[in-house]
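Below is one structure, written out as structure tokens; comments come after it.
All heavy atoms count here, side chains included; hydrogens, waters and symmetry mates do not.
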Amino acid sequence: MDDFALLELEDQAGGNSRGHQMAGMACPLGAHYLPLPGKDSPEVYQLLEDLGLVRQELGRAVFDERNLCHSPQERLFFEGQWHEGLLPPALRPETRSQYLGFAAAVARAQKELGFAMPTHRAPWTAGHQALDAQTFASWLDGQGLNDAQLRWYLDYCCRDDFGAAASEVSAWAGLHYFASRHGFHPPGDETQEREAVLTWPQGNAFLTQQMAAEIGPQLHCGRSVLKIDGSGSSKQGYEVWAWDEARQVPERWQARQLVLATPLFIAQKLLGRGQSAALDDAARLMSYAPWLVANLQTRGPLMQRVGAPPSWDNVIYGSAALGYVDASHQSLRPDPGATVLTAYWALPQGQRPALLKDSWQQWTQRVLQELASVHPDLSEQLQAVALMRWGHAMSIPRPGTRGAPALRALASSQTGQPGLHFAHADLSAYSVFEEAYTHGVKLAGRLRRG
Ligand SMILES: Cc1cc2nc3c(=O)[nH]c(=O)nc-3n(C[C@H](O)[C@H](O)[C@H](O)COP(=O)(O)OP(=O)(O)OC[C@H]3O[C@@H](n4cnc5c(N)ncnc54)[C@H](O)[C@@H]3O)c2cc1C
């Protein structure tokens, strides 16, 4: 298909999967990794094959090792030292037994209900609906899974993938995190290797930059769409009013088919209420997590606390933030040196105004404080800081969101308007690359077939 135009308000495509550069070093602004696609994700596998990142050998998928996260992958700062992996060590037998209890619950959910990534490839049954009707925290309480370490870890996973705590996301989301991928493996469980992930210094911008390059001149950056008039049934079709940021003039585009690949709350502002009942219903359900991403450029290597060596992902037990990834981790440099650490922080929704209003100095101080227990010399070693404030970073899969009929309707173009379509991670009620990409590919297929 080449009879299309893609209007993007930023100067580059990629949305939440964009990257940045500091002193010549690439670093992410948002999304930073992609788990290896499983059997339910043939579209993502195909993309990776097209980009030359994976090939078939003797019937097996062989990934290009340069893009697989190098070892050591993850470490957790717990009780004064770094430990390999992110799950807190089970020092007490009660903790270990709760880890085993949760592992068994995940395995049961996988077997009895079925989970998949992307999520629409799994069945949606009364069992899924029941999980979607309650918070993950209340479901865990009901299962007697209340060990402090287990609960901190699960809460961390929810904040990391969904931008909100276990007390806010649905039990469906909390279980989906594990059951759609690698399961849950307590320390000492050798049945599974640690989940392999693909990552790059600039994060998932590595993927979106190449996808944007394919689009070529049909991609129009610096075009903020402000308003959509008309309809697919009228002679002119849809009228899309965009502001050309470079020329500072308005533009009018006309289209018979319109794909809104924006978050749903933006889609609703562009179309106006009352244009699509499904969109109005879906937009009412959505709530978004604000995130701060701080890229911290250092002059040289940081002092290390005892324990596991510097890893790609470095997390502090008990922290309200999410730790940091090291953008130089994938380089083959033999000695540590200057680097960029990308610190992530999913903030409570109530902090969105402060995220916007407080100064960059205040936010930098808060990030440094969060990391001070593991890197007291970070302030001295800091050369430059780049903060990315995401006001509405990702939709939170609160109870009742994933199972909403309105999302299913929008994902299958049952929008109530001819020629009106949606393609965005919001359609899955939570945000990861696999969901966003598969919605786009599926819709493109439908449009091509007419
Ligand atoms: C901090 C952070 C970390 C993340 N980490 C990961 C990760 O490691 N792995 C992962 O898989 N996912 C991660 N995600 C989730 C990420 O959102 C998805 O992977 C994916 O990028 C979502 O893509 P999308 O196209 O659905 O939406 P978006 O990225 O939201 O894209 C929407 C696009 O619409 C454009 N737009 C909006 N309004 C207008 C307008 N009025 N006019 C024109 N254009 C407009 C935006 O500029 C943007 O380019 C992360 C997200 C954030 C915020």
Side-chain angles (χ1 to χ4, degrees), residues 19-30 32-33 69-89 91 149 152-153 156 159-160 199-203 291-347 351 354-355 358-390:
H20 188 57
Q21 288 257 339
M22 293 182 86
M25 289 180 276
C27 51
L29 283 181
H32 52 292
Y33 75 97
C69 184
H70 299 170
S71 191
Q73 189 163 313
E74 300 158 333
R75 64 175 178 168
L76 178 72
F77 192 72
F78 177 77
E79 301 207 338
Q81 58 174 302
W82 288 107
H83 297 260
E84 204 191 321
L86 295 184
L87 189 63
L91 303 177
Q149 288 182 206
W152 175 83
Y153 174 71
Y156 158 81
R159 289 182 288 123
D160 195 41
T199 188
W200 304 271
Q202 68 273 49
W291 279 62
L292 175 71
V293 178
N295 275 302
L296 310 164
Q297 182 198 331
T298 65
R299 288 191 183 86
L302 300 175
M303 283 186 304
Q304 289 300 324
R305 306 286 302 263
V306 288
S311 304
W312 169 64
D313 196 7
N314 307 267
V315 177
I316 304 169
Y317 180 76
S319 168
L322 296 165
Y324 66 87
V325 295
D326 183 344
S328 302
H329 186 75
Q330 292 299 99
S331 82
L332 298 172
R333 188 172 75 187
D335 306 309
T339 189
V340 179
L341 305 180
T342 309
Y344 287 88
W345 201 339
L347 295 160
Q351 288 212 32
L355 180 60
D358 291 356
S359 66
W360 68 266
Q361 290 93 336
Q362 284 171 303
W363 279 110
T364 302
Q365 272 317 313
R366 288 170 196 153
V367 171
L368 294 178
Q369 260 163 26
E370 276 300 314
L371 296 176
S373 62
V374 290
H375 295 305
D377 57 334
L378 181 55
S379 304
E380 285 158 39
Q381 290 287 353
L382 199 60
Q383 177 96 34
V385 182
L387 298 183
M388 182 72 195
R389 309 177 202 223
W390 297 99

Any side-chain heavy atom of [X] sitting closer than 4.5 Å to one from [Y]?
X	Y	answer
Val315	Glu74	no
Cys69	Tyr33	no
Leu76	Tyr156	no
Gln304	Pro310	yes
His70	Gln330	yes
Leu341	Asn314	no
Trp363	Leu355	yes

Using every non-hydrogen atom in the two residues, find where [X] and [Y] come nearest and quote the distance to one decimal.
X	Y	value
Ala26	Ala327	O-CB, 3.4 Å
Tyr153	Pro88	CB-CD, 3.9 Å
Thr339	Met25	CA-SD, 3.7 Å
Pro28	Val293	O-CG1, 4.3 Å

Examine distances only and state if a side-chain atom of [X] and a backbone atom of [Y] form a donor-acceptor pair shorter than 3.5 Å.
X	Y	result
Asp326	Ser311	no
Gln73	Asp313	no
Arg75	Ala308	yes
Gln365	Gln362	no
His32	Thr199	no

Using 0.5 Å steps for rounding, measure from the [atom1] atom of [X] to the [atom2] atom of [Y].
X	Y	atom1	atom2	value
His20	Leu29	NE2	CG	6.0 Å
Trp390	Tyr344	CH2	OH	9.5 Å
Trp312	Thr342	CH2	OG1	10.5 Å
Met388	Cys27	CE	SG	11.5 Å
Gln383	Arg299	CD	CZ	4.5 Å
Asn295	Leu387	CG	CG	9.0 Å

- [ ] Please step through side chain to side chain contact (heavy atoms under 4.5 Å, CB included) for the pair Asp358 and Arg366, ending with a clear verdict.
- [x] CA-CA 11 Å; Asp358 291 356; Arg366 288 170 196 153; 2.9 Å; yes
Task: Residues that Trp360 engages under ring-ring contact (aromatic ring centres under 6.0 Å, His included), provided they are two or more places apart - done: none
- [ ] May I ask you to check whether Tyr317 and His83 place their ring centres under 6.0 Å from each other?
- [x] no
TODO: Check whether more than 12 heavy atoms from other residues, nucleotides or ligands sit under 6.0 Å from atom CD of Glu380, and answer yes or no.
DONE: no
Under 3.5 Å, which donor-acceptor pairs do the side chains of residues 369-378 form with other protein atoms, sequence neighbours left out?
unit_1, atom_1, unit_2, atom_2, d
Glu370, OE1, Ser319, OG, 2.5
His375, NE2, Tyr324, OH, 2.6
Asp377, OD2, Met303, N, 2.8

